[in-house]
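What you see is a predicted model, and the numbers here were worked out from it, not measured in a lab. Residue numbers begin at 1 in each chain, while the letters A, B, ... track the order of the sequences.
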2 protein chains.
Amino acid sequence: MRDVAKAAGVSVATVSHVVNDKPGARIGDDARRRVQDAVLELGYRPNALAKTLSQGGSRFIGLVADAIATTPFAGQIIHGAQDEAWKHGYVLLVANTEGDPVVEKDVIAMMLEHQVHGILYSTWYHREIVVPEILQQTDTVLVDCFSADGALPAVVPDERQGGRTATEQLLAAGHRRIAFINTTTPSPARSDRLAGYRDALEAAGVEFDTRLVLEAEPQQEGGYAAAEAIVASGVTAVFCHNDRVAMGLYDGLRERGVRIPADIAVIGFDNQDVIAAHLRPPLSTVALPHYELGAAGVRVLLGIDPAGEGPTLVACPPVLRASIG
Amino acid sequence: MRDVAKAAGVSVATVSHVVNDKPGARIGDDARRRVQDAVLELGYRPNALAKTLSQGGSRFIGLVADAIATTPFAGQIIHGAQDEAWKHGYVLLVANTEGDPVVEKDVIAMMLEHQVHGILYSTWYHREIVVPEILQQTDTVLVDCFSADGALPAVVPDERQGGRTATEQLLAAGHRRIAFINTTTPSPARSDRLAGYRDALEAAGVEFDTRLVLEAEPQQEGGYAAAEAIVASGVTAVFCHNDRVAMGLYDGLRERGVRIPADIAVIGFDNQDVIAAHLRPPLSTVALPHYELGAAGVRVLLGIDPAGEGPTLVACPPVLRASIG
DNA sequence: CTGAAAGCGCTAACAG
DNA sequence: CTGTTAGCGCTTTCAG
């Protein structure tokens, strides 16, 4: 920068002004031009670190994720967070912890040392967590997770609305006997999607039948294993806890000569693209809004969106494909 | 830091020395203890930005990815890169570009302004790229991609060895008539996996038969469509270009009453966990070493691993499951 | 063994 | 309109 100033025959202050187009500062056209030329000649690039040092507060936002490598979910959160952060002049410092509390503490400490403006603490599936002590030291927003005490702002998917939406797609196609293959794992997804399922049924005047909610491990194997019970139930449609379960169910149904969607319509949840879009027939599902969770997370962190009382709910939109007849 | 110095009754220089346990500097035990106490009392945390400013060179490594949100692949690269970077005291600055050249230029400029030590430029599938001009301005290593002119160090999967390995698994199980469903998309994966397939055949004394290499779109749909030709070929084993193709093939084979692995053994490629581990039967495959690519990338960036003449090849290890009888 | 002082690159008053 | 100067928080000679 000093070099630029020298080359342009002005002071560093002037350079700073033109480089940042400072509003208050009026600079002569000639001087301005000389500076701009010098910047180009010298290939000058401002040092963002020095800038934040002198200004105080940096433009970093930390994003800690517990499982960046297993599903695309964390990737989608990162993507959304980055786009939104970028929009406001912020940059993401990403760290993966694989759920290890020690690593977690270390990476957060690292972020604090780098003067992050705040931290997004995210998990790859919606759940309750206990907030690491060290997060008290900066602004934090929880993404796709929440703490029991509700002390920290959180952004999570609206599982209940998602469950309702899924069921509504089936109802809209004329189905009345609709099974729900829920997960065996206790979680917001488990209880709230079920609640949404019941909401939709009730709204449609269909009586809730306990025998129509089955449980299965939330993987392909679980869906496959549930196939027998599904055909036995005489149902015409199934809402699966997630796309993986639906994938397993496809196999089980096919083995029994049941056609989708002619005999039984199926809807999943998650919109895991690698699976849902490529099953035969392509699977209708409800999307988990990870991108939007990341984006909303930085918005509340930056105070653009209000934090609200409980967790901020992000809608899970339906994604229609061919598995509903 | 000044506060710590004051509280401990020493100078900032002394604080700096004890905080970083400077080798050269001998500090009295009492002074050292006083400083350490003060650090704890005040909850002092060094400012990493100020540190890099004064030291010159930062501890940032930039990682630009073209598609962080679609598959877990980029996530695995990030994971590997971060673990390795961390090990050497570096921190990752991650940016997603979705392949947009403008965004790409912007994020790289941003990274340069943040004084990154170097940049890892990665793609989510192995391919040739044209290197963005701006990357000339810093040390760069290409991860999972390479430039035609070989000007930049690159780290890529060893597709040929992978293709050989896959075929060898089948050969080892006693198969002799082995089909290869290749992709239709020109790429290193396409030509090198084929070369590996031929290598393995030759090494086993099995004659290469052109009619046994089919081509299909590299998705489930492609594999499904290839099923007919596969059964017609009278083959006892199939090497699929990737796991998604294998998944489609499973469907097609099952529809024709062909059992896996009893009638036909199948091996995939990629080790896409969400799919491979949960097909019925679980799919044997060859892993794409994304984690290792990321880690190796930072190693060559930091000069720990030598850059080598051509791209650095990372092995693709076999992952055996139940689809080979 | 420890402190004073200069300087990293930039911004922000404040003078001129 | 433009230049001076004093830091931002830390490291690093260099004296003492």
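Taking atom CZ of residue Arg2(A) and atom P of nucleotide dC10(C), one finds them 10 Å apart after rounding to whole Å. Rounded to whole Å, the distance from CG on Asn47(A) to P on dT11(C) is 9 Å. The interatomic distance linking Leu49(A) (CG) with dG7(C) (P) rounds to 21 Å, in whole Å. Between the CZ atom of Arg34(A) and the C1' atom of dT2(D) there is a distance of 11 Å, given to the nearest Å. Taking atom NZ of residue Lys6(B) and atom C1' of nucleotide dG3(C), one finds them 15 Å apart after rounding to whole Å. Leu112(B) has its CG atom 16 Å from the P atom of dG9(C), to the nearest Å. The CD1-P distance, from Ile27(B) to dT11(D), rounds to 13 Å in whole Å. If you take CG of Asp30(A) and P of dC1(D), they are 10 Å apart, rounded to a whole angstrom.
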Under the criterion side chain to side chain donor-acceptor pair (under 3.5 Å), I'd like the reasoning laid out for His126(B) against Asp144(B): C-alpha separation, chi angles, the key distance, then a yes or no. CA-CA 5 Å; His126(B) 182 187; Asp144(B) 207 18; 4.8 Å; no
Kindly indicate, with the supporting measurements, whether the criterion ring-ring contact (aromatic ring centres under 6.0 Å, His included) is fulfilled by Phe60(A) and His117(A). CA-CA 6 Å; Phe60(A) 285 121; His117(A) 181 101; over 10 Å; no
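Ring-plane geometry between His79(A) and Tyr291(A) is classed as perpendicular, the angle between the planes exceeding 60 degrees on a 0 to 90 degree scale with a lower cut at 30.
Phosphate contact (OP1/OP2 of dT2(D), side-chain N/O of Ser11(A), threshold under 4.0 Å): absent. Phosphate proximity of dT2(D) to Thr14(A): absent, as no side-chain N or O sits under 4.0 Å from OP1 or OP2. Checking the phosphate oxygens (OP1, OP2) of dT12(D), a side-chain nitrogen or oxygen of Lys22(B) falls inside 4.0 Å. A sub-4.0 Å separation between OP1 or OP2 of dT11(C) and a side-chain N or O of Ser16(A) is present.
Of the candidate nucleotides dT2(D), dG3(D), dT12(D), dT2(D) has the atom nearest to the side chain of Ala31(A). Closest approach to the Ala13(B) side chain among dG3(C), dG9(D), dT11(C) is made by dG3(C) (side chain taken as heavy atoms from C-beta onward). Among the nucleotides dT13(D), dC10(D), dT11(C), the one closest to any side-chain atom of Met1(A) is dT11(C). When distances run from any side-chain atom of Ser54(B) to the nucleotides dC10(D), dG3(C), dC8(D), the shortest one goes to dC10(D).
Place Gly28(A) and Leu53(B) on DNA chain D by their nearest nucleotides, and Gly28(A) ends up nearer the 5' end. For the pair Gln55(B) and Asp29(B), both in contact range of DNA chain C, the more 5′-proximal nearest nucleotide belongs to Asp29(B).
Residue Val15(B) is out of contact with every strand shown, counting any heavy-atom pair closer than 4.0 Å. Among the protein residues, Gly57(A) comes within range of no part of the nucleic acid, since none of its heavy atoms lies under 4.0 Å from any strand.
In the model, Tyr90(B) has no side-chain atom that pairs as donor or acceptor with a side-chain atom of Gln82(B) under 3.5 Å.
Residues Asp66(B) and Arg127(B) are paired through a salt bridge, judged by an N-O separation under 4.0 Å between the basic side chain and the carboxylate.
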